[in-house]
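Working notes for the structure below.
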Amino acid sequence: MFVRDDYVSESDWNRFREVSEGFPTPNIFVNLRSIKKHFLQLKDSFPYANIYYAVKANPGVPIIKLLDSLGSNFDIASRYELDEVLGLGISADRLSYGNTIKKASDVAYFYEKGVRLFATDSKEDLKNIAKNAPGSKIFVRILLENSSSADWPLSRKFGCHPDMAYDLLVMAREAGLMPYGISFHPGSQQRDIGTWNDAIAKTKYLFESLEDEENIHLSMINMGGGFPASYIQPTNDLKVYASEITRYLQDDFGDDIPRIILEPGRSLVGNSGILTSEVVLVSRKNNTALQRWVYLDAGKFNGLIETLDESIKYPVVTDKDGGREGEVIIAGPTCDSADIMYENEKYKLPVDLKSGDKLYWLTTGAYTATYASVEFNGFPPIQTYYITEDGLQDKFGNPVEKPVK
Ligand SMILES: *Cc1c(COP(=O)(O)O)cnc(C)c1O
């Protein structure tokens, strides 16, 4: 159904096959070389921007170390992510606390550790920051409505109306904080580049009105993530995103473009991962049913949560591709009927697929393992292995031995 070469190069595939052999499934192998490539492409496409990797997309230590060595900064959402990143010797001035939902005690913790850059979208949160992180730089996240073209929208829950953003930045100054900028997130896997245009126009309006009416000079735009990884639905190349978005910025800000921050998650690490699952059972619900049910040892609760509402449609390949195929419903191993990955979307798999065969889920480097349940039905969380230049590593960066046969 899918052409593997469209998603993974021959050499990366061969390397994956070699190092993953013998490991119990389900598992995820993440190729750091791919992450490096995507990071360098992003830097090249947006030479004027500062990159803050959204750690939540995949917090594996080997990834953080790699991105640190490439000069990335980091967007942090919790004190646990903060501890991990600081523990690797990354300094607090390269970090941003981008979560708008945080306890006062967390704000105090970040401040104590040296973080001075905070996102907000509400008065209560702003008051907490003023009290527990005095003098810090504040950026306000604005709400974007048009997220139907994003496969994993990050709207509604986050951000506030631009009028409120205006008030919050005025309040920030009054509370002794530094009004620093505006942020937005266009929605993850955003396929409509025009979304940035709309957001940048709103941002420009805020920059101008705050300057004119309040004498508040903002100096930063945080444009969030939203850049695509390679799933089934086609997207433009990153180069096209970059040239369009750069043009929007120039149209609105001319030669006076503020400091630009990008917070990529999915687009940096998504393409690097391959999730291997084993077929547990192939069955039909009646003797004449045309569709087969294919049950796997991985599912919604073990790495594939983004198939919720069939939002993210991963390319799936097998060792039997190339012959006759038939329609299937793909489901996970747990005793929950929500644990069905694809039913409406018509996936096709080889007609001779049987128990014990492998299904490889491509583009599973982002938002997979960390979303797995702890032990639903007793299944342990899916393991991730990182293919680094120094050999295989686990999520803590410890070396991993190949299983003995
Ligand atoms: C999740 C998140 C990101 C990353 O978004 P992607 O679409 O995965 O690139 C960036 N910024 C914030 C604030 C986020 O919550």
Side-chain angles (χ1 to χ4, degrees), residues 30 35 38-39 41-43 45-46 49-60 63-64 67 72-78 80-82 85 95-102 106 110 115 117-122 125 138-144 146-147 149-160 165 180-193 195-196 199 203 220-231 233 235-236 238 241-242 245 260-273 305-306 311-312 314 363-371:
V30 166
I35 297 175
H38 285 94
F39 182 85
Q41 271 171 2
L42 188 68
K43 260 188 81 160
S45 305
F46 291 94
N50 297 142
I51 300 175
Y52 282 65
Y53 172 57
V55 171
K56 76 173 192 286
N58 190 326
I63 295 182
I64 306 298
L67 293 176
S72 183
N73 305 294
F74 298 89
D75 174 52
I76 308 287
S78 73
Y80 308 102
E81 288 182 357
L82 178 67
V85 170
L95 309 180
S96 155
Y97 194 177
N99 195 344
T100 55
I101 300 155
K102 45 198 176 303
D106 293 333
F110 273 66
V115 176
L117 182 57
F118 292 80
T120 193
D121 63 3
S122 70
D125 185 54
I138 293 296
F139 59 95
V140 177
R141 180 158 170 183
I142 56 172
L143 192 64
L144 298 181
N146 48 345
S147 43
S149 50
D151 290 337
W152 197 261
L154 293 167
S155 53
R156 279 179 51 241
K157 181 170 170 185
F158 307 103
C160 61
Y180 187 53
I182 299 293
S183 76
F184 55 80
H185 194 300
S188 200
Q189 189 72 9
Q190 176 56 263
R191 286 175 285 109
D192 178 5
I193 306 178
T195 307
W196 277 267
T203 302
M220 185 276 283
I221 309 175
N222 177 332
M223 302 202 292
F227 303 115
S230 306
Y231 305 113
Q233 273 170 301
T235 58
N236 280 290
L238 184 65
Y241 280 76
I245 292 168
I260 299 293
I261 283 178
L262 302 176
E263 292 176 336
R266 190 183 300 281
S267 63
L268 284 191
V269 298
N271 292 350
S272 71
I305 191 67
E306 286 200 321
S311 303
I312 297 292
Y314 298 100
T363 320
T364 43
Y367 306 121
T368 46
T370 52
Y371 275 52

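FYI, the numbering just counts along the sequence from 1. Atoms within each ligand, like the ligands themselves, are counted from 1 in listed order.
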Open item on the list: side-chain contact (heavy atoms from CB on, under 4.5 Å), that's the test. Do Ile35 and Tyr53 meet it? Break it down for me.
Closed with: CA-CA 11 Å; Ile35 297 175; Tyr53 172 57; over 6 Å; no

List, for ligand 1, each N/O atom that has a protein N/O partner under 3.5 Å away, with both atom names and the distance.
{"unit_1": "ligand 1", "atom_1": "5 (O)", "unit_2": "His185", "atom_2": "NE2", "d": "2.8"}
{"unit_1": "ligand 1", "atom_1": "7 (O)", "unit_2": "His185", "atom_2": "NE2", "d": "3.4"}
{"unit_1": "ligand 1", "atom_1": "7 (O)", "unit_2": "Ser188", "atom_2": "OG", "d": "2.5"}
{"unit_1": "ligand 1", "atom_1": "7 (O)", "unit_2": "Gly226", "atom_2": "N", "d": "2.9"}
{"unit_1": "ligand 1", "atom_1": "8 (O)", "unit_2": "Ser188", "atom_2": "OG", "d": "3.3"}
{"unit_1": "ligand 1", "atom_1": "8 (O)", "unit_2": "Arg266", "atom_2": "N", "d": "2.9"}
{"unit_1": "ligand 1", "atom_1": "8 (O)", "unit_2": "Tyr367", "atom_2": "OH", "d": "2.6"}
{"unit_1": "ligand 1", "atom_1": "9 (O)", "unit_2": "Gly226", "atom_2": "N", "d": "3.3"}
{"unit_1": "ligand 1", "atom_1": "9 (O)", "unit_2": "Gly265", "atom_2": "N", "d": "2.8"}
{"unit_1": "ligand 1", "atom_1": "9 (O)", "unit_2": "Arg266", "atom_2": "N", "d": "3.4"}
{"unit_1": "ligand 1", "atom_1": "11 (N)", "unit_2": "Glu263", "atom_2": "OE1", "d": "2.6"}
{"unit_1": "ligand 1", "atom_1": "15 (O)", "unit_2": "Lys56", "atom_2": "NZ", "d": "2.8"}

Regarding Arg266 and Ser188, is there a side-chain donor-to-acceptor distance under 3.5 Å anywhere? yes

Which of parallel (below 30°), tilted (30 to 60°) and perpendicular (above 60°) describes Tyr97 and Phe110?
-> parallel

| query | Which of parallel (below 30°), tilted (30 to 60°) and perpendicular (above 60°) describes Phe227 and Trp196? | reply | parallel

Closest heavy-atom pair, Gly98 versus Ala119, reported as atoms and distance to 0.1 Å, is O-CB, 3.6 Å

Ser72 and Phe39 have their tightest heavy-atom pair at CB-CE1, 3.5 Å

